[in-house]
Amino acid sequence: DAKTTQPNSMESNEEEPVHLPCNHSTISGTDYIHWYRQLPSQGPEYVIHGLTSNVNNRMASLAIAEDRKSSTLILHRATLRDAAVYYCILSTLIYNQGGKLIFGQGTELSVKP
Amino acid sequence: DVKVTQSSRYLVKRTGEKVFLECVQDMDHENMFWYRQDPGLGLRLIYFSYDVKMKEKGDIPEGYSVSREKKERFSLILESASTNQTSMYLCASTLGPFRKLFFGSGTQLSVL
């Protein structure tokens, strides 16, 4: 499985945008980029995913570099509830692998009021 | 929304006991997963299943087995619990590749 690299931690101020980076220099052409986050004492939850084009949803935006070797998760206005560990994950369609995801260490985001 | 339910939030067992962790999902998902989460090690995949009675080893299957007799239920079995299996166990399910993964709230297992 291709590997991702994220900073261990980041800080943000409430109501400001947050850009969470992820490097994945060994990404292959069929790898999707997924982002999940894990709030304290909860299981991870889906945030967003994409293949090549930038993606937006109600939670966040995903900006994918043209060469796909890096991506950035953008939270447009951080709130205290966004404090969590954010995971950037690649997944490859392998027969019978059922969409498994291999989680790395993630970035712990803290949000200051 | 999809619900993934894990039978216990907290569980305390003795070394050598046989332990069953149960997970049920209510959205007819094909694929189910068991992860464990430890401080400093992140989430690690133990086993997954892409169909009833099918199972595949993840990255750390040693000491564990699984059972998927019905589509909605995926059980993780610790045949003889050991203290190094003290961990947070997370179950997840998905409709298929590149679809959202839905997680349960986790079971914090302590083996004494």
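Here is how names work: the chains are called A, B, and so on, in the same order as the sequence lines, proteins then strands, and each is numbered from 1. Atom set for the values below is all heavy atoms of this structure, side chains included, hydrogens, waters and symmetry mates excluded.
Two rings, from Phe103(B) and Phe103(A), have their centers less than 6.0 Å apart.
Within the 4.5 angstrom heavy-atom criterion, only backbone atoms of Leu41(B) (N, CA, C, O) approach chain A. Only the side chain of Arg9(B) has a heavy atom closer than 4.5 Å to any heavy atom of chain A. Neither the backbone nor the side chain of Gln108(B) comes within contact range of chain A; no heavy atom of the residue lies under 4.5 Å from a heavy atom of that chain. Contact of Leu90(B) with chain A is made through the side chain alone, with heavy-atom distances under 4.5 Å.
Here the rule is side chain to side chain donor-acceptor pair (under 3.5 Å) with Ser93(B), and of His29(B), Lys71(B), Lys100(B), Glu72(B) only His29(B) fits it.
A side-chain donor from one of Ser61(A) and Asn56(A) sits under 3.5 Å from a side-chain acceptor of the other. Using modelled atom types, one finds no donor on one side chain facing an acceptor on the other under 3.5 Å when comparing Tyr47(B) with Glu56(B).
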